[in-house]
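The basis for the numbers below is simple: all heavy atoms, side chains too, and nothing from hydrogens, waters or symmetry mates. Chain naming here is simple, since letters A, B, ... match the order of the sequence lines and numbering starts at 1 in each.
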Protein chains: 2
Amino acid sequence: MSADAEPAPVSAKPPVTLREVAAAAGVSVATASKALNGQGRMTAETRERIRETARLLGFRPNSLAQSLLRKRSFTVGLLTNDTYGRFSLPLMAGVSDALVDNGVSVFLCNVEDDTRLGQLHVEAMLDKRVDGIIATGKRIDRHLPVDLSNLRVPVVYAFTQPDPGAVGLVSDDAGGARLAVEHFVRLGRRRITHVSGPESFAVVHARAEACREVLQEHGLPTAEPLLGAWSEAWGHEAVAKLFGKAGREGWPDAVFCGNDQIARGVIDALRERGIRVPEDVGVIGFDNWEIVAEATRPPLTSVDMNLASLGREAGLALLSLVGGRAAVPGIRKLPCRLVVRQSCGSPPE
Amino acid sequence: MSADAEPAPVSAKPPVTLREVAAAAGVSVATASKALNGQGRMTAETRERIRETARLLGFRPNSLAQSLLRKRSFTVGLLTNDTYGRFSLPLMAGVSDALVDNGVSVFLCNVEDDTRLGQLHVEAMLDKRVDGIIATGKRIDRHLPVDLSNLRVPVVYAFTQPDPGAVGLVSDDAGGARLAVEHFVRLGRRRITHVSGPESFAVVHARAEACREVLQEHGLPTAEPLLGAWSEAWGHEAVAKLFGKAGREGWPDAVFCGNDQIARGVIDALRERGIRVPEDVGVIGFDNWEIVAEATRPPLTSVDMNLASLGREAGLALLSLVGGRAAVPGIRKLPCRLVVRQSCGSPPE
DNA sequence: ACGATTTGGGAAAAGGTTTTCTCAGAGAGA
DNA sequence: TCTCTCTGAGAAAACCTTTTCCCAAATCGT
């Protein structure tokens with residue numbers, strides 16, 4: 001019989017340890033450690049020899065052992081209840097971006113509005129000695145279904161309701177709304193309306209209020225915002241309400257929408273009525289959800305909440321907290337940005 | 001002067017260790033460990049006393065120390081290049097679901113089609129001694145921009161191109177297409193066309209081929225699929241091509257679309273032409289992207305790739321690999337599922 | 001009552017790294 | 001030549017838990 005070929009072992013040999021490097025270089029582990037970390041005193045020749053040996057052997061320090069000793073794991077947890085990631089993913093990208101260069105990895109935990117699951121995840125993260133936690137969600141006026149107020153690690157809240165006294169980062173919804181409405185005003189629009197989501201959302205009020213303020217500042221007529229749902233269907237309905245009444249002169253010439261889906265519905269409904277966008281009516285959305293904003297006809301001008309920046313800031317804030325530097329508690333609002341596409345037209349000559 | 005109130009320390013006292021529990025219970029750490037893990041021999045009374053002490057003190061074992069010893073970190077990495085998470089997030093949800101009950105946490109790493117970033121993340125994960133890695137992406141016929149073929153830890157590929165000899169899980173696109181076309185046939189549709197994405201995608205061919213097969217099996221006419229982009233705009237264009245020519249009798253009575261955005265475009269374009277959906281033409285999409293499928297008018301019947309299940313399976317497969325049980329290498333295709341809404345009509349009486 | 005076995009529990013090593021001490025030898029100053 | 005100060009490097013503790021081995025006391029059998 002021929003000797004059977006050994007099946008390739010699924011897991012290769014164990015990683016090379018500092019002890020092995022030290023042995024290969026003919027020094028003690030202490031010296032090896034110091035050589036690699038630029039600590040201690042030794043001849044440049046010794047240090048270089050050890051470094052070379054480590055390189056040759058492909059040595060990488062065991063992060064677990066380091067963490068155990070340093071009481072710092074270079075690991076943070078990102079807690080979210082935003083299953084589809086509309087908001088958390090851009091945020092996560094920013095967080096990750098801010099942290100990866102510091103060698104920090106991110107545990108993503110979806111708690112799904114389930115307290116038990118949240119508890120489970122938080123305990124798992126704590127057991128794994130995360131250096132800190134970033135809490136995020138799908139709306140900024142609700143808590144996650146889990147209590148993070150008395151943890152042994154710092155917590156930063158981003159795009160979710162912070163606990164009192166904690167560090168919170170949210171988008172400046174009022175500012176975003178200003179951006180949109182002022183853009184309309186600048187383009188010469190005069191009858192500007194606001195169609196937004198459910199009354200139960202804090203951002204709905206913040207944006208509506210800012211909208212009203214800007215209109216007043218410019219001496220333009222204000223009307224009650226139309227509140228409904230975050231859906232295309234509501235955009236259609238709203239158009240029916242706004243443009244259903246006869247008398248073209250009463251019609252708005254601009255609609256600022258609470259999100260891009262509403263705006264999409266509004267634009268489609270306007271086209272169905274033969275009302276031209278942007279010639280007759282300008283439309284601005286919110287969220288700058290590119291896949292929607294770019295698919296509307298014409299492409300949608302929209303307010304971007306800069307969630308990636310928000311995530312970056314949250315990551316940096318957490319890093320600073322982890323480093324022992326106290327951060328100013330309270331809610332910090334980060335500016336939005338208007339992404340101009342073609343649903344508003346150009347300024348009058 | 002009144003004594004200043006001490007500012008609350010940002011980080012509370014360090015976690016309680018096994019040593020402290022042992023001291024409080026008047027036993028050695030060895031005994032304490034055994035008591036808590038159900039190991040060793042001791043009187044039930046002693047064991048219970050230690051357990052109670054631990055509970056009182058809020059002891060939780062340091063996962064880092066455990067991992068160091070067991071050579072198992074209860075941590076896995078999820079590598080993706082799907083920045084917006086259309087595909088990775090449902091998948092991630094499934095993975096997480098499969099793993100959380102085993103106390104396994106997931107590092108989410110977005111590598112963004114950037115080899116350097118990929119390298120960075122993989123090394124960080126390896127340094128942190130992840131038990132395994134799940135690789136995923138935004139299309140199943142492309143590799144991630146990072147080499148995972150000779151890692152010391154098991155790797156499972158889900159919804160991305162696996163390395164040869166590795167374990168790969170993907171959706172059964174051909175099966176999904178069959179589901180859609182057979183649904184049309186069952187409803188009595190006879191002139192069924194296929195509008196899909198760019199030719200460069202493997203799934204485009206798989207689905208088109210399956211589509212052709214089903215039509216042949218039923219003796220129905222086949223036509224070349226229309227290949228374009230994954231966009232609404234292409235859906236509009238395709239309708240122009242299909243329904244532009246005069247002679248209503250040559251028109252299709254069913255359009256199977258390569259994704260929901262195309263389907264959305266198709267439905268909108270049909271309505272604009274006064275062609276009724278589903279009465280005149282049935283439409284089926286792919287991906288079951290709920291936010292799109294539910295916003296089309298009428299709501300879109302669509303093929304769901306069961307990405308959460310895919311994620312679950314990937315998680316379980318990885319767990320099994322980590323546990324040392326060899327898994328069958330090669331690509332396993334998981335079935336799709338047809339989500340029926342209202343864009344196809346009801347079966348004829 | 002004496003040896004054999006069981007019982008309850010502790011000591012110590014292991015896991016990989018960092019850091020603080022310690023120490024032998026070398027060079028310098030007198 | 002004798003002491004003092006560096007210099008280069010190692011020993012060992014520490015981080016926290018698990019597990020193997022070991023030992024004394026108690027129980028059992030005869």
**Q.** Pairs meeting criterion side chain to side chain donor-acceptor pair (under 3.5 Å) with involvement of residues 120-130 of chain A, two or more places apart
**A.**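 Pairs touching residues 120-130 of chain A that pass the test: E123(A)-R60(B), D127(A)-R60(B), K128(A)-S105(B).
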
**Q.** Pairs involving residues 315-324 of chain A, ordered by first then second residue, that meet side chain to side chain donor-acceptor pair (under 3.5 Å) (sequence neighbours left out)
**A.**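 Residue pairs passing side chain to side chain donor-acceptor pair (under 3.5 Å), neighbours aside: none found.
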
Q: Round to the nearest Å and state the distance from L64(A) atom CG to dG15(C) atom C1'.
A: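 Spelled out: CG on L64(A) to C1' on dG15(C) is 10 Å.
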
Q) Starting at CZ of R129(B) and ending at P of dG16(C), how long is that distance when rounded to a whole Å? A)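 Distance, rounded to whole Å: 8 Å.
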
Of all residues at least two apart in sequence or in a different chain, which pass the side chain to side chain donor-acceptor pair (under 3.5 Å) check with [X]?
X	result
R116(B)	none
T115(B)	none
R142(A)	none

Q) Among all residues two or more places apart in sequence or in another chain, which pass the salt bridge (charged side-chain N to carboxylate O under 4.0 Å, His left out) test with R70(B)? A)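 Applying salt bridge (charged side-chain N to carboxylate O under 4.0 Å, His left out) to R70(B) gives none.
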
(Q) Just to verify, what does F107(A) make a ring-ring contact (aromatic ring centres under 6.0 Å, His included) with, not counting sequence neighbours? (A)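 By the ring-ring contact (aromatic ring centres under 6.0 Å, His included) rule, F107(A) matches F107(B).
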
Q. Taking only residues two or more places apart in sequence, or in another chain, which ones meet F87(B) in a ring-ring contact (aromatic ring centres under 6.0 Å, His included)?
A.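 ring-ring contact (aromatic ring centres under 6.0 Å, His included) list for F87(B), sorted by chain: F159(B).
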
**Q.** Proximity to DNA chain D (any heavy atom under 4.0 Å), residues of residues 48-55 of chain A only
**A.**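 Of all residues in residues 48-55 of chain A, none places a heavy atom under 4.0 Å from DNA chain D.
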
Q: Go through DNA chain D in 5' to 3' direction and return only the first and the last nucleotide with some atom under 4.0 Å of chain A's heavy atoms.
A: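 The contact span of chain A on DNA chain D goes from dT7(D) to dC16(D).
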
Q.
Can you build the contact string for nucleotides 18-27 of chain C? Use B for base contact, S for sugar-phosphate-only contact, and - for no protein heavy atom under 4.0 Å.
A. BBB-------

Q) Does E52(B) pair with R49(B) as a salt bridge, N-O distance under 4.0 Å? A)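 No.
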
Q. How would you label the contact of T46(A) with the nucleic acid (heavy atoms, under 4.0 Å): base, sugar-phosphate, or nothing?
A.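 Sugar-phosphate: the residue T46(A), judged by heavy atoms under 4.0 Å, touches backbone atoms but no base.
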
Q. Is the cationic atom of R72(B) (NZ for Lys, CZ for Arg) positioned less than 6.0 Å from the six-membered ring centroid of F74(B) and within 45 degrees of its normal?
A.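 Yes, R72(B) sits over the ring of F74(B).
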
Q) With sequence neighbours left out, which residue pairs that include part of residues 123-145 of chain B fulfil the ring pair (Phe, Tyr, Trp, His ring centres under 6.0 Å) condition? A)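 Output for this query is empty, none listed.
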
Q | T43(B) vs dG9(C): side-chain N/O to OP1/OP2 distance below 4.0 Å | A |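 Answer yes for this pair, as a side-chain N or O of T43(B) is under 4.0 Å from OP1 or OP2.
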
**Q.** Closest-nucleotide 5' rank along DNA chain C - winner of A65(B) and A32(B)
**A.**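 So the residue in question is A32(B).
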
